[in-house]
A.B. asks: 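Got a structure for you, questions after.
Residue numbering restarts at 1 for every chain, and letters A, B, ... go by the order of the sequence lines. Heavy-atom basis, side chains included; hydrogens, waters and symmetry copies ignored.
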Amino acid sequence: MSNKEYNFTEIEKKWQDFWEGSGLFRVDEDCDKNKFYCLVMFPYPSGTLHVGHGRNYIIGDVVSRYKIMKGFRVLSPIGWDAFGLPAENAAIANGIHPSINTENNIKKMKVQLERWGVGYDWDREVASCEPDYYKWTQWIFLKLFEQNLAYKKKAAVNWCPSCATVLANEQVVNDLCERCDTKVKQRDLEQWFFKISNFAQRLLDDLKTLDGWPERVKTMQANWIGRSEGAKINFKLEETDKTIPCFTTRPDTIFGVTFMSLAPEHPVIRELINGTEHEKSVLEFIDRVRGQSTIERTSEGTEKEGIFTGRYVINPVNSERVPLWVSNYALMGYGTGAVMAVPAHDQRDFEFAKKYNLPIKIVIRPTGNDTMLNHEEMDEAYVEDGVQVNSDRFDGMPNREAIPKIINFFEEKGIGERNINFRLRDWLISRQRYWGAPIPIIYCESCGTVPVPEKDLPVLLPEKVEFKPHGKSPLDDVDEFVNSTCPKCGGSAKRETDTMDTFVDSSWYYLRYISSKDNTQAFDSEDANKWLPVDQYIGGIEHAILHLLYSRFITKVFYDLKLINFDEPFKNLFTQGMIIKDGAKMSKSKGNVVNPDLITEKYGADTQRLYTLFIAPPQRDAEWNDRGVIGSYRFLNKLWNTITSFEEYFKKIPDAGIKPDLFSKETKELYRYINITIKKVTEDIEKSWSFNTAIASVMELLNMVVDFSADLRDKDFNEEAVINDFNVLRHSLETSVKVLAPFVPHISEELWEILGHNPSIFSAPWPTYDEGSIAADQVEMVIQINGKVRSKLVVPSEITEDDLKSLVMDDKKINENLEGKKIVKTIVVPKKLVNLVVR
RNA sequence: GCCGAAGUGGCGGAAUUGGCAGACGCGCUAGCUUCAGGUGCUAGUGUUCGCAAGGAUGUGGGGGUUCGAAUCCCCCCUUCGGCACCA
């Protein structure tokens, strides 16, 4: 017995170099029907990766390698989501320029990825902070601008009065500035938006076509888009020609309107109160509400407040005078910013009416009894369905039936119409930050807002800037950048100094991989149509809404522009769970990160990969246990030792194939398990990505192989049956190594070579199984009495029911238990059990 | 509040057209090996009663359907995630 040591460090280096040299993961533009685009979400270069990140890349690598063995041409690219706030914060904190910092981090992380043995086509690597990349991000902005899908309007930003700077949402913690704990205020700035709301219906409808997406992600997106059906109703402003439209999902309650609420931002307010006795108090109220943070204003717990404007509107269905209020719970961003308030049937309106002593008018009563609700006795709004009352010609109608009829009535009378509202807001892409792609816009005094011509792209991000935070974008201070000339008239003009949200960068990177080196276009349409949509996208659930929705939106824009022939970017989506340590998500700030380099040093990358996959089903969160790693290491050693201990035999004894007629009972059983294992691993990968159970089944097989091979070396190798046994052993080990190859590629390549094959194992086809050999000759059957196991019998698997019954009746234990009892019923489940029901 | 996912040994987890609960692994216990061990090997390991054979009990809780329920139905509890004054 000559055992080589399992030197994982040497082996892993050897095969990483081999794959790089042989170009296992390099693909050119040509691809046939057998293409497979496997994409992992590109990382933000934060500095170092922890084992939690590893899960994403390891899962992706398993899929890529499995598909390669199944004969697919696999595209597996990688890149860097390299713009973003942390790099800028690091610059403020320790003066390192974001570009240097980012570059260093990418270098470090690239080494880490390579150490894991995860395979990518590095020739296609992209980094979103490089001009070659963000030139095309800017080009996308121009395309949207041309289509009227990019526009500018005033919008609130988080403002820290103490730091005198704009804060990103993630810098606001519980309403306080994360740096100085000052309370954050809202401030209005002119900012750029993408008109994603135009696509709301399509983004919602097309979710139905995404069969390969997790239900919960689709549900989250549907909730985010938030479609609601109802009506828009015009209320006439008393003593004027003006109308104030409002949206409602409950047109059936129109007869119960007792006041109307306007959002404090509603543009009509100022002229309504201009010069009236209410002006001062209303303006004060608006100022106060606007000073509140978003959280304060929009959480359910906040007390409803309002103020009367002194004006009235007219309810178009019954001409009642309805007092017009301004209230903090009406939102300008939803519907029309005006709410027809029905306190009897809406809880918010109810609370408001109680507080300000406004009338409550019941227009729906519960179905099934004649008792009328009494508004004086109500302590909450009646929001359920019921029957119309006090509703003129609609009285007596069930309210659900009344809704369409009432809307028809509005339309006939010209006072309102059917309307659909979405919760989805337009995408605010302006960031008052340095480390992002500059928005390619120039402001000219005579020509106005002018897009930078395509030929002038990229608008380069200047290198020399001051990072001290102050009121505006850092780019504002760079005169050479700001001062420009108008592309239209050639006069002096100023550049836009905001940069784009990093979600813009990441909304199209999967297209750039197709043409990463092309400096004439963002991507080649023909090639993109060949490779996309992405066959498998893998990433964290934290991107379930924004990143995926934005990518879908951009894809639809390109589709409409006929740049691509598909309108959904990701055919299949897999969201892996987080790795938890000490009860919390692994993160630098919590100090619970496990450094993958230490694990790799001690046990090797394959052990780390195996443990990461074995820990739990990949979609579920999993607790990392440092001690658990040893189990995976032991398994790989056991596999290594078993194979290397037979190395000399493999060389000497020719592979004469497998001869079933020479099988002993044990050999037949082992052969059977080899086939069961192939079937199990294949199905686990294909059907449910249950890598943990796939690995467990190979562990079982190896346990069996070790028992089988224990005394094989001492046998007489002149005997045909012994040689046949040896070849079954060889087959079992080759199979184990093959089905493990996607999980632990380095050791698999090495053992494949030791088993006498030429590299690479990834050019060997995925094993197939022999269904016929899986059926067992004999099965153990459970014998129950009244559902409790009383005995077990080993019987031929094709036994007749009569033979089985007589065997059961001969069984000693069964007879003991049957004494003095009568069999009422016998249930036989073939190959499983017999249940005797007795009294 | 609404929507969704989940609850199984000391731990991670297996078992779903209803059919032996706890595969596989960690940990633990005992023994062997070792100068030594965060090594390797062997055996055992849900709980409980019993010297044992064997019995009882057991998948968050309570009901139900069934010969038989972790699995199906009803009610409840807990945890996690998303949305949350969206008219």
A.B. asks: Taking side-chain hydrogen bond (donor to acceptor under 3.5 Å, both in side chains) as the test, write out the residues that go with A:K792, two or more places apart.
C.D. replies: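 A:K792: no side-chain hydrogen bond (donor to acceptor under 3.5 Å, both in side chains) contacts found.
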A.B. asks: Is the shortest side-chain N/O distance from A:K304 to OP1 or OP2 of B:C85 below 4.0 Å?
C.D. replies: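 Answer no for this pair, as no side-chain N or O of A:K304 is under 4.0 Å from OP1 or OP2.
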A.B. asks: Taking only the P atom of each, what is the distance from B:G58 to B:U78 in whole angstrom?
C.D. replies: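 Rounded to whole Å, the distance is 24 Å.
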A.B. asks: Starting the side chain at C-beta, find the nucleotide from B:G4, B:G12, B:A87 nearest to A:R216.
C.D. replies: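 My answer, after comparing the listed nucleotides, is B:G4.
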A.B. asks: Given B:G68, is OP1 or OP2 found less than 4.0 Å from the side-chain N or O atoms of A:R790?
C.D. replies: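 The answer is no; no side-chain N or O of A:R790 sits under 4.0 Å from OP1 or OP2.
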A.B. asks: Check whether A:F743 forms a cation-pi arrangement with A:R609 (NZ or CZ under 6.0 Å from the six-membered ring centre, at most 45° off the ring normal).
C.D. replies: no
A.B. asks: Any side-chain N or O of A:K680 less than 4.0 Å from the OP1 or OP2 oxygen of B:A23?
C.D. replies: no
A.B. asks: When you check every protein heavy atom under 4.0 Å of nucleotides 28-40 of chain B, what one-letter string (B, S, -) results, 5' to 3'?
C.D. replies: ----------B-S
A.B. asks: How would you label the contact of A:I615 with the nucleic acid (heavy atoms, under 4.0 Å): base, sugar-phosphate, or nothing?
C.D. replies: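 It contacts sugar-phosphate atoms only.
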A.B. asks: With a non-hydrogen cut-off below 4.0 angstrom, is A:Q347 in contact with a base, only sugar-phosphate, or nothing?
C.D. replies: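 Contact class for A:Q347: none.
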A.B. asks: Mind checking A:N703 for me? I need base, sugar-phosphate or nothing, with any heavy atom below 4.0 Å counting as a touch.
C.D. replies: sugar-phosphate
A.B. asks: Heavy atoms within less than 4.0 Å of RNA chain B: which residues of residues 220-229 of chain A have one? Give them sorted by number.
C.D. replies: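 Heavy-atom contacts with RNA chain B come from A:M220, A:W224, A:S228.
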A.B. asks: May I ask you to say what A:K792 touches in the nucleic acid, namely base, sugar-phosphate or nothing, with a heavy-atom cut-off under 4.0 Å?
C.D. replies: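 Touches a base.
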A.B. asks: Without swapping roles, check the side chain of A:D349 against the backbone of A:V342 for a donor-acceptor pair under 3.5 Å.
C.D. replies: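 Present.
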A.B. asks: Measure from CE on A:M781 to P on B:G68 and round the result to the nearest Å.
C.D. replies: 19 Å
A.B. asks: A:N328 has a side chain; which of B:C85, B:G19, B:C83 sits nearest to it?
C.D. replies: B:C85
A.B. asks: Examine B:C24: is either OP1 or OP2 under 4.0 Å from a nitrogen or oxygen in the side chain of A:N692? Give yes or no.
C.D. replies: no
A.B. asks: Under 3.5 Å, which donor-acceptor pairs link side chains of residues 254-269 of chain A to any protein atom two or more places apart or in another chain?
C.D. replies:
from: A:T258; atom 1: OG1; to: A:P359; atom 2: O; distance (Å): 2.9
from: A:S261; atom 1: OG; to: A:S327; atom 2: OG; distance (Å): 3.1
from: A:E265; atom 1: OE2; to: A:R297; atom 2: NH1; distance (Å): 2.6
from: A:H266; atom 1: ND1; to: A:V268; atom 2: N; distance (Å): 3.3

A.B. asks: Can you list everything that forms a salt bridge (charged side-chain N to carboxylate O under 4.0 Å, His left out) with A:K232? Sequence neighbours excluded, please.
C.D. replies: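 Here no residue qualifies.
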A.B. asks: Return the orientation label for the A:F352 and A:Y356 ring planes: parallel under 30°, perpendicular over 60°, tilted otherwise.
C.D. replies: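 Taking A:Y356 first and then A:F352, their aromatic rings sit tilted (interplane angle of 30° to 60°).
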A.B. asks: Could you give the side-chain donor-acceptor pairs of residues 217-226 of chain A under 3.5 Å, partners two or more places apart or in another chain?
C.D. replies:
from: A:K218; atom 1: NZ; to: A:L210; atom 2: O; distance (Å): 2.9
from: A:K218; atom 1: NZ; to: A:E215; atom 2: OE2; distance (Å): 3.4
from: A:T219; atom 1: OG1; to: A:E215; atom 2: O; distance (Å): 2.8
from: A:Q221; atom 1: OE1; to: A:R552; atom 2: NH1; distance (Å): 2.8
from: A:Q221; atom 1: NE2; to: A:A544; atom 2: O; distance (Å): 2.9

A.B. asks: Remember a base hit wins even if backbone is also touched, and classify A:D621 as base, sugar-phosphate or nothing at under 4.0 Å, heavy atoms.
C.D. replies: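 Sugar-phosphate, backbone atoms only, no base.
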